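Here's the structure we're looking at; comments come further down.
What you see is a predicted model; the values in this text were computed from it and never measured. Here is how names work: the chains are called A, B, and so on, in the same order as the sequence lines, proteins then strands, and each is numbered from 1. What's counted below: heavy atoms across the whole structure, side chains too, no hydrogens, waters or symmetry copies.
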Number of protein chains: 2
Amino acid sequence: MISNKAKYALKAMTILAANQERVLSAQEIAKKGKIPYKFLEAILTDLKNRKLLRSHRGASGGYALARPPGEMTAGEVIRAIEGPIAPLLCASLTGYRRCEDCVDEEACAVRSLMVDSRAALSSVLDRRSLAELAAFSQLKP
Amino acid sequence: MISNKAKYALKAMTILAANQERVLSAQEIAKKGKIPYKFLEAILTDLKNRKLLRSHRGASGGYALARPPGEMTAGEVIRAIEGPIAPLLCASLTGYRRCEDCVDEEACAVRSLMVDSRAALSSVLDRRSLAELAAFSQLKP
DNA sequence: ATTATTCCTATAGAAATAATAGGAGTTAAA
DNA sequence: TTTAACTCCTATTATTTCTATAGGAATAAT
């Protein structure tokens, strides 16, 4: 299960990808995505600090993707908010850490299972671009 | 990320699968898996209530798998402890629930992503049997 | 009887989640 | 040059989940 925060982040990024030509304010995004405004603000700040978004202050300011939506993936967004996607850190490429209760990592069946789970999840999340998400959301106009 | 509880449950079930012929006490499992004893007790109770384990009380009592390890999967264990494996309930088969912030479920790109994620995860977790986990853990004797 | 177990109930600190509040600073446009 | 629409920053807080621990009652084998 992912957090609401990560879900809202994905929604916001999809909305921004679908409106790539213009800068969107947090208000606009909150409205389009039914996301609590102040919570969204904090999320957008995180995404900006992680270099996934660019912001423009002042009147008619707002947020825009930092890179073309075809070059950004769902996995990047989730990692920015949630950290590693591996179910256990001992199976993570981006945040590896040995379990404290580990007896023999090479022979650990749970780790092997989580390595495969991570690969399966990554094969979806790291291949799906924000452009694809945006395109999907517009299938029904 | 899964909880320690789910990780311990998987370890315990793997240990039980690897010692299928006998009944193991919580003490034994705790020692073999480096799992906090009292915490493990609670976990084993959950697994028993979910019908994944059978227990025998009294001296020389303990726990054993409820079914042959070849017929039980990692997915079952995780669902017993954590609930649905889908990252969002709107993408779950076993615990479906619509998001409160949902505008149009059919057109939701995030949901579509999570449906695919769930399928990818399930293809690993629901295909890996406890027998396979036990066999892996014994590759290095 | 004794001892090794499961089983039951209760408790509790710590961390993460999911926000909300208020205002300071910035900028475009009226 | 004021105003309105924004982002940005710092707190605060309620709720839930996580990760256990404690103590003892019930049960069964030896």
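Contact annotation: A/K5 does not reach the phosphate of C/dA16 (side-chain N/O to OP1 or OP2, under 4.0 Å). Between A/S25 and D/dT7 there is no side-chain polar atom (N or O) within less than 4.0 angstrom of OP1 or OP2.
Salt-bridge check for A/R22 with A/E28: passed, with a basic side-chain N closer than 4.0 Å to an acidic carboxylate O. Between B/E41 and B/K38 there is a salt bridge, since at least one side-chain N of the basic residue sits less than 4.0 Å from a carboxylate O of the acidic one.
When atom types are taken as modelled, the side chain of B/E82 and the backbone of B/R79 share no donor-acceptor pair closer than 3.5 angstrom. For A/K48 (side chain) and A/R54 (main-chain N/O), no donor-acceptor pair under 3.5 Å exists by modelled atom type. Between the side chain of B/K11 and the backbone N or O of A/D101 there is at least one donor-acceptor pair closer than 3.5 Å.
Note: CZ (B/F39) to P (C/dG13) measures 17 Å, nearest angstrom. Between the CD1 atom of B/I2 and the C1' atom of D/dT19 there is a distance of 14 Å, given to the nearest Å. Whole-Å rounding puts the A/M1 CE to D/dT16 C1' distance at 13 Å. Between A/I43 atom CD1 and D/dC9 atom C1' there is a gap of 17 Å when expressed in whole angstrom units. The CZ-C1' distance, from B/R54 to D/dA28, rounds to 18 Å in whole Å. Atom CG in A/L44 sits about 14 Å away from atom P in C/dA19, given to the nearest Å. Straight-line distance from the CD1 atom of A/I81 to the P atom of C/dA19: 14 Å, rounded to whole Å. Rounded to an integer number of Å, the gap from CD of A/E100 to P of D/dT19 is 12 Å.
The nearest heavy atom of DNA chain C to A/A6 and to A/K38 marks one nucleotide each, and the one closer to the 5' end goes with A/A6. In terms of position on DNA chain C, the residue among A/N4 and A/G58 whose nearest nucleotide sits closer to the 5' end is A/N4.
Contacts of B/Q27 with the nucleic acid, taken as non-hydrogen atoms under 4.0 Å apart, are absent. In this structure, A/A26 reaches the sugar-phosphate backbone alone: every heavy-atom distance under 4.0 Å involves primed, P, OP1 or OP2 atoms, never a base. A/Y37 comes within 4.0 angstrom of a nucleotide base, judged by non-hydrogen atoms across all strands.
In this structure, the nucleotide among D/dA29, D/dA20, C/dT6 sitting nearest to the side chain of B/S55 is C/dT6. With distances taken from any side-chain atom of B/E41 to the nucleotides C/dT20, C/dT6, C/dA4, the minimum falls on C/dT6. In this structure, the nucleotide among D/dA28, C/dC7, D/dA20 sitting nearest to the side chain of B/Y63 is C/dC7. Residue B/R57 places its side chain closer to C/dT6 than to any other of D/dT21, C/dT26, C/dT6.
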